[in-house]
Amino acid sequence: MVDLRATNTKLERRALSLTRRVSGADEAEASAALAACGGRVKVAIVMLRVGLDADAAERRLEAADGSLREALHTQAGR
């Protein structure tokens, strides 16, 4: 479900809810992260949990072959 890409109001609410739940961020933080990464939930979660900008979070996910779990647990230097 974290591969969700919000394309309508219902999915935008779901994306915000998922991002908040997994990242622990408040509504404003989660909304800002989603806006910064084009609504990509996995990217927003990595941004919030690891403290990266959207581009760095996207690269980290790519390096982890799209695995959110791996991206969240990968050491920064790898």
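Owing to the predicted nature of the structure, the values given are computational and were not obtained by experimental measurement.
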May I have the list of side-chain donor-acceptor pairs in residues 15-24 shorter than 3.5 Å, sequence neighbours left out?
from, atom 1, to, atom 2, distance (Å)
S17, OG, R21, NH2, 3.2
T19, OG1, A15, O, 2.8
S23, OG, T19, O, 2.6
S23, OG, A25, N, 3.1

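Of all heavy-atom pairs spanning V46 and A71, the tightest one is CG2-CB, 4.1 Å. Of all non-hydrogen atoms in A54 and V43, the two that sit nearest each other are O-CG1, 3.8 Å.
Under the salt bridge (charged side-chain N to carboxylate O under 4.0 Å, His left out) criterion, the residue pairs touching residues 47-58 are R40-E58, with sequence neighbours excluded.
Annotation: side-chain contact (heavy atoms from CB on, under 4.5 Å) contacts of A33 (sequence neighbours excluded): A44, M47, L48. In this structure D65 satisfies the side-chain contact (heavy atoms from CB on, under 4.5 Å) test with no other residue, sequence neighbours excluded.
Annotation: the span from R69 atom CZ to K42 atom NZ amounts to 12.0 Å, rounded to 0.5 Å.
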